[in-house]
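Heads up: the structure comes next, in structure tokens.
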Amino acid sequence: METQQQLDDFQARIDAGEKIEPKDWMPERYREQIIRMGSQHAHSEIVGMLPEGNWISRAPSLKRKLVLLAKVQDEAGHGLYLYSAIETLGVRRSELIDQYLYGNAKYSSIFNYPTLSYADVCVIGWLVDGAAIVNQTKLAHSSYGPYARANLRICKEESFHKKQGYEMVAKLAEGTPAQRKMVQSAVDRFWWPTLMMFGPNDSNSPNSAELLKWQVKLNTNDELRQHFVDRVVMEAEAVGLTLPDPDLKFNDETGHWEFGEIPWDEFWDVVKGNGVMNRERMKSRRKAHEDGAWVREAAQAYARKKNLSREKAS
Amino acid sequence: MNTTKELTVKESKIAYLLRLADDRLILGQRMSEWCGHGPVLEEDLALANMALDLIGHASSLYAYAAEVEDEGRDEDHFAYFRDDYEFTNLQLCELPKGDFAFTIARQFLFSSFSYFQYQQLKEAKDEQFAGMIDKHFKEIKYHLRHSRDWVLKLGDGTDESKERMQEAFDELWMYTGELFYIDGVDEMMLADGNGADLLSFKEEWKKLVEDTLKEATLNVPDWDQFMMTGSRTGMHTEHLGHMLAQMQFLRRSHPDADWK
Ligand SMILES: [Fe+2]
Ligand SMILES: [Fe+2]
Ligand SMILES: [Fe+2]
């Protein structure tokens, strides 16, 4: 049973800016929230390999092929750091994976959109990794130590992804007419889904209060979204791309860019599984997992045999 | 190529570099198909890593071929603007990725061969070439270790993994003969001090492969069975064309665009 004294002491530690470590006492609900949020983040990194991985075989130069492959590989690494961070709470990676492949654990909806041209992967680097950085830079200060440290490590690589993505977007934007068309189409399709990555409006975000109180999260969804928009508007302008929002305008008083109404119906549709690629993404991930079962079993069987013969020898 | 006319040293050198590069690009392209679909997360990372190494090696070999050729072309020319019959990679490298056992068996056969080949090439007279090979050699050693470890694990794992591993080697065996194909290009490069003497390590390579298969409790297929030939002079399976169609389409659709 959690006593009020324990809860108060825990909150005092959080308020004092202390990091919570795996062996420390924590409310059960805190543990659940870290597992939920952290594993959702990990699943997103892994599913996120698919839309960009879709263009590795078709990348238009050897250099671009190497850059893209390295980027997608980094995302696998991010998944690994995050699963390891969450495993410190006594859950196994295999359980977490089962929860999203066969249960109802979520991953970021942005990855349920298709990549229709090579420019899409460049725009993903710029916008989607850009949005991820805004989130993860904050999460690097999250109260749970292992999760904060995993995010710190991830941020360094995400910044690099964003930089490469933006450079390529800039190049396409000043390229041939076909390249310009390609990149504008990608921006048109990814703009609103990227804004949705920050989650529902604060008034509509049931977990937020608790996450903020415990400093698992440090900013609200709307704060982070605004921060992102303010930055990206300038970046789009700098390369002559148009963001598909006629209501976008600078507010002199607040010093922020105001933007139009996010299509939330679409957001909830995709969350519920009705995006263009939801079914395909899950099918691919399940197939990889199931096709790999015999490999994982063999590795375990081999390790057991080796341990056994080592024991006999000693 | 080997029958119609004598090649100059320069032409032989370009052909030699392209053979090395084609092997690596085509195998790397196949390997990259695993990205996001590996059997376990750690292996997703490892396979992508090998694909990155292979394509990276290919890219620097192509760039060097372009430099030797001196006609103002670059590495992408060789990768994107040649057709099936102009590629000189081993058929071994172009076969579809198959299951994880097939991928591992092929990587082991290729990496073990490359290990001996590069051990000689890193002593080449041409310092720029030797330096490049020496850098890649470190990564080849890792590929060999990694693929060999998996041959042992899968061969001596479960009944199913053993069966899959055996099947993979049985299927791949007839593509190993070509590893030791030699023609005028090899002879000229060897005479020039910039080639590997393939026959000098053939027995050692076979022994490494046999020892590994035995340790993995697998049968060694018959070395004297029918072996495929022809890829070094442009003969390929039909798999290559489909791979190239996918790999090259975007680049070829916009010949005037800059993608670097
Ligand atoms: Fe990531
Ligand atoms: Fe991320
Ligand atoms: Fe990223």
Side-chain angles (χ1 to χ4, degrees), chain A residues 42 46-66 68-70 72-77 79-80 83 93 97 117-118 168 171-172 174-179 182 284-285 287-306, chain B residues 25 28-49 51-52 55-56 58-59 62-63 74-76 78-80 99-101 104 150 152-162 164-165 243 246-254 256-260:
Chain A
I46 302 305
V47 179
M49 294 171 76
L50 298 174
E52 288 181 277
N54 183 36
W55 280 89
I56 292 170
S57 66
R58 294 175 288 174
S61 72
L62 290 177
K63 184 182 159 195
R64 290 295 143 199
K65 190 187 289 291
L66 290 166
L68 184 57
L69 185 52
V72 180
Q73 187 200 29
D74 282 348
E75 307 301 357
L80 202 56
Y83 283 127
R93 193 207 300 178
I97 289 177
S117 83
Y118 172 72
M168 199 58 207
K171 192 170 192 66
L172 295 174
E174 59 174 30
T176 64
Q179 284 175 311
M182 216 181 261
S284 302
R285 287 308 311 159
K287 181 171 189 321
H289 186 70
E290 287 160 16
D291 286 354
W294 69 270
V295 178
R296 298 189 298 275
E297 280 158 22
Q300 279 169 7
Y302 181 79
R304 267 197 304 274
K305 282 185 203 174
K306 289 290 137 182
Chain B
L25 174 63
Q29 174 85 1
R30 275 289 179 238
M31 190 61 106
S32 76
E33 291 173 14
W34 279 101
C35 192
H37 308 278
V40 60
L41 196 43
E42 284 79 355
E43 216 39 40
D44 243 312
L45 282 156
L47 297 176
N49 208 35
L52 274 168
I55 298 168
S59 180
Y62 283 138
D74 65 3
E75 66 274 17
D76 286 344
F78 296 112
Y80 288 92
D99 65 2
F100 185 67
I104 287 298
W150 271 110
L152 299 179
K153 281 186 215 173
L154 298 178
D156 196 14
T158 60
D159 289 346
E160 181 180 1
S161 70
K162 185 196 187 73
R164 284 175 183 263
M165 208 63 227
M243 179 200 273
Q246 195 175 45
M247 186 172 87
Q248 298 173 332
F249 103 91
L250 176 59
R251 181 58 179 262
R252 287 195 184 194
S253 312
H254 306 272
D256 305 327
D258 176 10
W259 301 97
K260 269 208 172 169

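Within every chain, numbering begins at 1; the chains are lettered A, B, ... in the order of the sequence lines, protein sequences first and strands thereafter.
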Answer with side chain, backbone, both or neither: which region of [X] has an atom nearer than 4.5 Å to a non-hydrogen atom of chain A?
X        : result
B:Leu152 : both
B:Asp99  : side chain
B:Trp150 : side chain
B:Ala58  : neither
B:His254 : side chain
B:Phe100 : both
B:Ala51  : both

Name all residues meeting the side-chain hydrogen bond (donor to acceptor under 3.5 Å, both in side chains) criterion together with A:Ser284; count only those two or more places apart in sequence or in a different chain, and write none if there are none.
none
For chain B, which candidate among A:Ala178, A:Ala298, A:Ala303, A:Ala299 shows the most heavy-atom pairs at distances under 4.5 Å?
A:Ala298
Which of the residues A:Arg93, A:Met168, A:Gln300 is involved in the greatest number of heavy-atom pairs with chain B at under 4.5 angstrom?
A:Arg93
pair [X]-[Y]: side-chain heavy atoms closer than 4.5 Å:
X        : Y        : answer
A:Lys63  : B:Ser59  : no
B:Leu250 : A:Met182 : yes
B:His37  : A:Leu50  : yes

Minimum heavy-atom separation for [X] to [Y], with atom names?
X        : Y        : result
B:Gly56  : A:Leu66  : N-CD2, 3.7 Å
A:Gly292 : B:Pro39  : CA-CB, 3.5 Å
B:Ser32  : A:Ile56  : OG-CG2, 3.7 Å
A:Gly77  : B:Leu45  : N-CD2, 3.7 Å
A:Tyr302 : B:Asp156 : CD1-O, 3.7 Å
B:Leu41  : A:Gly79  : CD2-C, 4.1 Å

Assess the residue pair B:Cys35 and A:Gln73 against the criterion (side chain to side chain contact (heavy atoms under 4.5 Å, CB included)); give the C-alpha distance rounded to whole Å, side-chain angles, the decisive distance to 0.1 Å, and a yes or no.
CA-CA 7 Å; B:Cys35 192; A:Gln73 187 200 29; 5.5 Å; no
Any sub-3.5 Å donor-acceptor pair from [X]'s side-chain atoms to [Y]'s backbone N or O?
X        : Y        : answer
B:Asp76  : A:Leu62  : yes
A:Lys171 : B:Trp259 : no
A:Arg285 : B:Gly36  : yes
A:Gln179 : B:Asp258 : yes
B:Gln29  : A:Ser57  : yes
A:Arg64  : B:Lys260 : yes

Just do the salt bridge (charged side-chain N to carboxylate O under 4.0 Å, His left out) check on B:Glu75 and A:Lys65 with the steps written out, would you?
CA-CA 13 Å; B:Glu75 66 274 17; A:Lys65 190 187 289 291; over 6 Å; no
Tell me whether B:Arg164 is salt-bridged to A:Glu297, with the criterion being a basic N under 4.0 Å from an acidic carboxylate O.
no
Contact leader toward chain A among B:Thr158, B:Asp256, B:Leu52, where contacts are heavy-atom pairs under 4.5 Å
B:Leu52
Going by the angle between their ring planes, with limits at 30° and 60°, are B:Phe249 and A:Trp55 parallel, tilted or perpendicular?
tilted
So which part of [X] gets closer than 4.5 Å to some heavy atom of chain B, the side chain, the backbone, both or neither?
X        : result
A:Leu80  : both
A:Lys287 : neither
A:Leu172 : side chain
A:Arg296 : side chain

Could you check A:Glu75 against B:Asp44 for side chain to side chain contact (heavy atoms under 4.5 Å, CB included), going step by step and ending with a plain yes or no?
CA-CA 10 Å; A:Glu75 307 301 357; B:Asp44 243 312; over 6 Å; no
Among all residues two or more places apart in sequence or in another chain, which pass the salt bridge (Lys or Arg N to Asp or Glu O under 4.0 Å) test with B:Glu33?
B:Arg30
